Enquirer: 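I am attaching a structure below and will ask some questions about it afterwards.
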Amino acid sequence: MDEVHHWVGSNGGPEFFQTLKRNVEKLAKAGSRWVTTTNAYNPLEDSVAQQIHESQMVRMGLWLYDCLEGDIEPDELRDESKVRAALKQAYGDASWADIEGLTRTILFDRTTPDSTYLRFFCNRIAESSDGWMSKAEWEACLQDQDPIKAGDQIAIGFDGSIRGDATGLVGARLRDGKLFVLGLWENPRDPNQPDWEVDVLSVEAAVKRAFETYRVEWMYADPPFWQENIGRWAIEWGDDRVFEYWTNKPTRMVQAVERFRTAAMVQDLKHDGDEDLTRHVLNAVVREVPQGFLINKDSPRSRKKIDLAVCAVLAFEARADAIADGRLKIRRSRVVGF
């Protein structure tokens with residue numbers, strides 16, 4: 001069994017592992033054996049790799065768990081000598097490994113989360129998932145000049161809930177990718193409001209206001225709980241402008257998250273410094289799936305919301321598709337000479 005750090009609940013990995021293991025165990029006396037190979041796991045995912053490592057069978061010495069780990073901590077990943085030493089430890093006698101190339105990648109490539117370097121290059125189990133975006137990385141995209149104005153061409157991302165999570169609406173200006181918040185409805189977690197729900201009429205009003213104030217060229221909206229509303233928006237504002245975007249489709253969402261982060265790393269996107277958007281972006285953590293990386297809350301029951309971060313990803317993706325469709329109209333000044 002290979003790559004069992006990818007065998008998680010969402011893809012049925014643990015159940016499949018149990019089926020295979022049971023059949024091997026039944027024939028153990030006849031010589032059946034099972035072997036797994038894996039990279040270091042993410043302890044938030046409860047993968048098969050984690051279940052094996054934490055099993056009492058390993059602690060008792062009945063199952064052999066063998067690995068070489070690089071001796072390095074997350075805050076040491078900018079120290080060239082420590083990175084190089086950790087890679088040499090982790091790769092052991094694998095003479096084909098490009099230690100110098102891997103060292104440069106870890107030191108200078110900021111498009112990959114540090115937890116990935118720890119797990120896949122240094123064979124270290126990341127004790128907690130890395131944040132998706134660091135404060136410094138996000139602040140580097142701040143642009144408090146050139147504010148969004150009425151009539152600007154924009155794209156919109158919408159992520160909705162009813163009670164538990166927040167509902168958000170984020171815009172992205174087409175010409176420069178500048179993000180701004182059009183609305184946020186977040187559960188206050190007030191014990192005096194145990195039955196709090198999102199004000200649907202307020203959300204409807206915010207969407208209407210956005211279409212009336214700006215030139216909305218493309219809107220991506222996550223449908224759960226809001227399919228009827230989204231359908232009505234498509235009828236009212238045009239089904240060539242309002243589209244469903246299912247964030248639970250990992251292949252598509254992985255690509256959108258990767259494009260957003262890459263744009264942030266090279267500052268091809270901007271934001272106006274909105275405190276709620278910043279809070280949600282910095283709350284988001286990386287979760288690995290077979291297709292790549294998604295963003296999540298730090299735990300399923302966490303009160304640290306990330307909904308505006310999801311909206312921002314959808315808005316930025318909607319912007320890209322609007323531009324690809326030829327909807328960006330650049331106004332040019334006309335110069336007249338005499």
Side-chain angles (χ1 to χ4, degrees), residues 141-188 193 196-245 247 256 260 269-281 305-323 325 327-331:
C141 299
L142 172 64
Q143 185 203 67
D144 52 10
Q145 305 297 318
D146 192 14
I148 310 293
K149 298 177 182 177
D152 279 349
Q153 284 186 290
I154 70 168
I156 293 177
F158 171 79
D159 182 40
S161 180
I162 297 297
R163 298 181 183 87
D165 288 326
T167 290
L169 199 66
V170 170
R173 187 161 56 190
L174 257 62
R175 66 176 168 84
D176 60 357
K178 187 171 185 177
L179 301 163
F180 65 108
V181 175
L182 291 160
L184 172 63
W185 299 263
E186 190 168 9
N187 191 327
Q193 301 181 56
W196 181 91
E197 290 187 359
V198 171
D199 185 342
V200 175
L201 293 180
S202 178
V203 176
E204 292 276 6
V207 171
K208 183 175 187 291
R209 187 163 52 249
F211 274 90
E212 291 178 345
T213 304
Y214 307 100
R215 297 162 63 195
V216 179
E217 301 294 348
W218 208 281
M219 178 181 185
Y220 274 144
D222 193 22
F225 308 111
W226 292 84
Q227 278 184 284
E228 181 181 344
N229 306 74
I230 295 168
R232 189 164 58 252
W233 299 340
I235 292 173
E236 185 170 0
W237 306 109
D239 59 7
D240 61 341
R241 297 178 186 273
V242 179
F243 304 91
E244 292 185 351
Y245 192 109
T247 60
F260 187 97
L269 67 78
K270 301 172 177 63
H271 63 86
D272 62 1
D274 182 270
E275 292 183 358
D276 289 320
L277 177 58
T278 295
R279 173 168 56 88
H280 282 217
V281 167
K305 302 305 180 186
I306 68 165
D307 303 84
L308 286 181
V310 175
C311 292
V313 171
L314 296 186
F316 200 71
E317 193 75 353
R319 169 186 176 258
D321 287 341
I323 293 173
D325 196 52
R327 301 193 186 186
L328 176 60
K329 307 299 181 185
I330 301 176
R331 294 180 179 178

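Computation of the quantities below employed the complete heavy-atom set of this structure, encompassing side-chain atoms and omitting hydrogens, waters and symmetry-equivalent molecules. Here the structure is a predicted model, which is why all the values come from computation and not from measurement.
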Enquirer: Could you state the interatomic distance from CD1 (Ile162) to CG (Asn187), rounded to the nearest 0.5 Å?
Expert: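 The CG atom of Asn187 is 12.0 Å from CD1 of Ile162, to the nearest 0.5 Å.
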Enquirer: Which heavy atom in Gly171 sits nearest to a heavy atom in Ala315, and how many Å separate them?
Expert: C-CB, 4.3 Å
Enquirer: In chain order, what residues pass the side chain to side chain contact (heavy atoms under 4.5 Å, CB included) check against Ala312, with sequence neighbours excluded?
Expert: Val170, Leu179, Phe260, Leu277
Enquirer: Which residue is it: Phe158, Tyr220, Phe211? I am looking for the one with a ring pair (Phe, Tyr, Trp, His ring centres under 6.0 Å) to Trp233.
Expert: Phe158
Enquirer: Residues in side chain to side chain contact (heavy atoms under 4.5 Å, CB included) with Gln143, at least two apart?
Expert: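 In terms of side chain to side chain contact (heavy atoms under 4.5 Å, CB included), with neighbours along the sequence ignored, Gln143 is linked to Asp146, Arg173, Asp176, Lys178, Lys270.
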Enquirer: For Glu275, does the CD atom have more than 12 heavy-atom neighbours from other residues, nucleotides or ligands under 6.0 Å away?
Expert: no
Enquirer: What distance do Ile154 atom CD1 and Lys149 atom NZ have between them, rounded to the nearest 0.5 Å?
Expert: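 Nearest 0.5 Å value for the CD1-NZ distance: 15.5 Å.
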Enquirer: Looking only at heavy atoms, what is the nearest atom pair of Ala155 and Arg319, with distance?
Expert: CB-N, 3.4 Å
Enquirer: To the nearest 0.5 angstrom, please state how far the CG atom of Asp307 sits from the CG atom of Asp165.
Expert: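 Between atom CG of Asp307 and atom CG of Asp165 there are 5.0 Å.
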Enquirer: Between OG1 of Thr213 and NZ of Lys208, what distance do you get to the nearest 0.5 Å?
Expert: 9.5 Å
Enquirer: Cut-off 3.5 Å, no hydrogens considered: what does the side-chain donor-acceptor table look like for residues 225-232, sequence neighbours left out?
Expert:
{"unit_1": "Trp226", "atom_1": "NE1", "unit_2": "Ser161", "atom_2": "O", "d": "3.1"}
{"unit_1": "Asn229", "atom_1": "ND2", "unit_2": "Glu204", "atom_2": "OE2", "d": "2.8"}
{"unit_1": "Arg232", "atom_1": "NH2", "unit_2": "Glu204", "atom_2": "OE2", "d": "2.3"}

Enquirer: Which atom names give the shortest non-hydrogen contact between Leu308 and Gly168, and what distance separates them?
Expert: CD2-CA, 3.8 Å
Enquirer: Report the residues that fulfil side chain to side chain contact (heavy atoms under 4.5 Å, CB included) with Pro224, sequence neighbours left out, ordered by chain and then residue number.
Expert: Asp222, Trp246
Enquirer: Go through Asp274 and His280 one step at a time and tell me if the side chain to side chain contact (heavy atoms under 4.5 Å, CB included) criterion holds.
Expert: CA-CA 10 Å; Asp274 182 270; His280 282 217; over 6 Å; no
Enquirer: Do Leu182 and Tyr214 pass the side chain to side chain contact (heavy atoms under 4.5 Å, CB included) test, and can you show the C-alpha distance, the side-chain angles, and the key distance before you say yes or no?
Expert: CA-CA 11 Å; Leu182 291 160; Tyr214 307 100; 3.8 Å; yes
Enquirer: List, one per line, each side-chain donor-acceptor pair under 3.5 Å for residues 236-243, sequence neighbours excluded.
Expert:
{"unit_1": "Arg241", "atom_1": "NH1", "unit_2": "Val216", "atom_2": "O", "d": "2.8"}
{"unit_1": "Arg241", "atom_1": "NH1", "unit_2": "Glu217", "atom_2": "OE1", "d": "3.1"}

Enquirer: Do Ile148 and Asp272 come close enough that some side-chain heavy atom pair is under 4.5 Å?
Expert: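 They are not in side-chain contact.
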Enquirer: How far does CD of Gln153 sit from CZ of Arg327, to the nearest 0.5 angstrom?
Expert: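 Spacing of CD (Gln153) from CZ (Arg327) equals 10.0 Å.
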Enquirer: Identify the heavy atoms of Trp185 and Val198 that sit nearest to each other, and give their distance.
Expert: CB-CG1, 4.0 Å
Enquirer: So do Leu169 and Val203 actually touch side chain to side chain, heavy atoms under 4.5 Å?
Expert: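 Sidechains of Leu169 and Val203: no contact.
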Enquirer: To the nearest 0.5 Å, how far apart are CG in Asp152 and CZ in Arg175?
Expert: 6.0 Å
Enquirer: Mind checking what makes side chain to side chain contact (heavy atoms under 4.5 Å, CB included) contact with Ala256, not counting sequence neighbours?
Expert: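 Expected list: Tyr245, Val313, Glu317.
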Enquirer: Let me see the working for Leu142 and His271 under side chain to side chain contact (heavy atoms under 4.5 Å, CB included), right down to the final yes or no.
Expert: CA-CA 5 Å; Leu142 172 64; His271 63 86; 3.9 Å; yes
